[in-house]
Amino acid sequence: MSSIEQHLEPPAELRRPGRWIALSVLVLAVLLVAVDATVLGLATPFLTEDLKPSGTQLLWIGDVYSFVIAGLLVSMGSLGDRIGRKKLLLCGATAFGAVSVLNAYASTPEMMILARALLGVAGATLMPSTLALIRNLFHDARERSLAIGIWGAMASAGAAVGPVVGGFLLEHFWWGSVFLINLPVMAVLVVIGIKLIPESKNPAPGPWDLISVGLSLVGMIGVVYAIKELAAHGGSRLVALAGIGGVAALVWFVRRQFRLPAPLLDMRLFHHRGFSGAVLADLLTILGLSGLVFFLSQFLQLVQGRGPLEAGLAELPAAVGAVTAGLLAGVTARRFSVRYVVSGGLAAIGLSLAAVAAIHKDTAYPLIGALLLVVGVGAGFAFTVTSDVILSSVPKEHAGSASAVSETAYELGAALGIALLGSIVTGVYQDFATPAGVPASTSSAAHESLGGAVEAAKTLTGQQGTALVSAAQEAFVDGLRLASVFGAAVLMATAAAAWFLLRGQELEEGIVHD
């Protein structure tokens with residue numbers, strides 16, 4: 001072996017045996033969460049038909065999971081640093097599987113919202129633990145970049161597996177079956193994880209501050225709820241109260257972290273420009289992307305008339321692009337710089353979203369597929385590199401907290417994306433003109449959601465039902481176009497901000513002795 005090869009090869013004591021096998025088990029948890037998030041979009045029309053939720057309840061079913069996760073991620077990441085990330089991961093995976101059963105058999109919209117919220121509590125234990133364990137499994141920076149790329153790629157693969165498997169299940173079974181697919185994945189994770197994943201935690205963590213946990217949860221949910229309600233229904237006393245209370249709780253949380261000897265989240269991390277820039281890029285990337293993906297499943301099914309499985313397969317290009325880009329992201333960022341890759345990825349997503357504004361009911365699939373592919377490539381590059389920047393900015397004993405910040409940005413962006421972009425779609429949709437002669441009760445049901453319009457049209461005869469569905473579809477597409485323009489503006493602004501915030505930022509090279 002040459003001296004160069006010896007220099008590049010990590011020392012034997014830093015090459016943890018079985019680290020790649022352990023990684024393969026960790027990504028099962030990522031698949032668990034990603035699959036669950038993506039199958040819901042396909043199941044929405046079936047949920048609408050069976051549970052008959054209102055438009056607001058439908059949005060809550062879609063985003064309460066992300067709201068709760070966003071509120072608890074920092075607390076759970078810090079808890080993993082204290083009690084052990086492996087222990088938290090396995091407990092969370094078990095709870096996730098159990099609560100999935102409750103989701104599958106929900107019988108009312110209110111029960112479904114509660115089940116999704118409980119699933120969010122369990123999900124909050126999974127994501128920070130997986131990324132933090134990667135930080136401790138891989139001491140070589142290049143190996144770690146590849147491992148993070150695989151982690152991100154598996155999240156994207158979950159986004160692909162979810163619609164395809166979910167589409168198959170929806171065509172052969174009832175909608176609750178899409179949640180039961182979590183059970184075998186959970187079982188494999190727990191059984192194999194017990195043996196193969198090494199435990200890691202902060203050797204001197206300090207106490208877990210329950211007041212900070214409460215402030216984080218109340219603050220995040222209060223702010224997100226206020227934004228959602230303001231966008232959907234305008235201002236009110238309750239919205240103002242929730243927003244002000246949420247902001248006050250978060251300010252109190254931040255001030256408390258500076259005073260605590262062992263804070264739940266070390267706020268000094270945000271003094272690092274690269275860390276802050278990467279977190280901001282994560283949040284706004286997902287905000288611009290998530291609302292579009294959530295409503296695109298409905299577009300493919302309820303507007304273009306595709307079956308659930310066909311709609312799932314139609315979304316595959318985004319996952320293929322994200323998987324490919326995620327695996328290449330570390331190498332590309334070292335060659336061309338972090339800010340080139342992140343800003344370029346964000347700009348690619350933004351331009352693709354802008355192009356979505358040109359779609360209509362009869363748009364041919366090749367254009368939709370090409371746009372999804374570009375979006376996937378951009379997201380794969382941007383999200384993988386920012387995750388690497390965030391994780392490498394902190395000592396390994398704080399890996400759980402740093403991972404939680406990354407995941408909080410992701411989940412908060414997803415929640416805000418569905419809330420804000422979804423509210424744009426819903427706002428435009430609800431203004432469509434009802435065809436003459438449609439009864440008031442039928443018109444009211446049709447204006448709740450596109451799925452509601454399709455169901456309501458079945459009670460009408462011939463041409464009248466067709467006219468109602470056509471008007472609803474046109475309004476939905478108009479809302480989707482407007483939301484995509486808003487998302488594109490957000491992404492292009494984020495690309496510009498990332499270019500300045502990530503100036504001089506580089507990925508680590510060689511062995512990290514921490």
Side-chain angles (χ1 to χ4, degrees), residues 39-62 109 112 163 166-167 170-171 174-175 178 232 291-315 356-365 367-369 371 418 421-485:
V39 296
L40 184 64
L42 285 173
T44 296
F46 300 87
L47 278 169
T48 302
E49 180 180 354
D50 192 14
L51 302 184
K52 296 179 172 54
S54 67
T56 300
Q57 286 176 326
L58 192 61
L59 283 176
W60 272 110
I61 290 170
M112 189 67 190
L170 288 168
E171 289 191 351
W174 100 112
W175 60 262
V178 301
L292 177 73
V293 171
F294 181 76
F295 284 95
L296 188 60
S297 289
Q298 296 180 59
F299 171 80
L300 291 169
Q301 291 180 81
L302 298 176
V303 176
Q304 294 201 325
R306 303 176 191 272
L309 180 57
E310 185 184 357
L313 291 171
E315 294 179 0
V356 171
I359 69 170
H360 51 84
K361 180 179 177 179
D362 299 317
T363 298
Y365 176 72
L367 175 60
I368 297 174
L371 291 176
I418 292 174
L421 301 189
S423 297
I424 293 173
V425 175
T426 302
V428 173
Y429 171 80
Q430 290 178 339
D431 285 338
F432 79 87
T434 306
V438 174
S441 60
T442 304
S443 174
S444 177
H447 280 80
E448 285 288 344
S449 67
L450 181 55
V454 172
E455 287 302 308
K458 294 177 181 178
T459 67
L460 303 175
T461 57
Q463 189 61 36
Q464 200 174 49
T466 303
L468 177 62
V469 170
S470 179
Q473 289 175 336
E474 289 295 333
F476 182 87
V477 173
D478 287 343
L480 186 60
R481 289 189 194 124
L482 184 60
S484 69
V485 170

Please name the pair of heavy atoms, one in [X] and one in [Y], separated by the smallest distance, quoted to 0.1 Å.
X: Pro109; Y: Pro53; value: CG-CA, 3.9 Å
X: Ala483; Y: Ile424; value: N-CG2, 3.8 Å
X: Ala453; Y: Leu468; value: O-CD2, 4.3 Å
X: Ser443; Y: Thr434; value: OG-OG1, 2.8 Å

Gap between atom [atom2] of [Y] and atom [atom1] of [X] - 0.5 Å precision:
X: Ile359; Y: Leu371; atom1: CD1; atom2: CG; answer: 8.5 Å
X: Ser470; Y: Phe432; atom1: OG; atom2: CZ; answer: 10.5 Å
X: Met112; Y: Trp175; atom1: CE; atom2: CH2; answer: 4.5 Å

Is it true that a side-chain atom of Gln304 and a backbone atom of Thr363 form a donor plus acceptor pair closer than 3.5 Å? yes
For Ala314, is there any backbone N or O sitting under 3.5 Å from a side-chain donor or acceptor partner on Tyr365? yes
With side chains defined as the heavy atoms from C-beta onward, is the minimum distance between Leu302 and Phe476 less than 4.5 Å? no
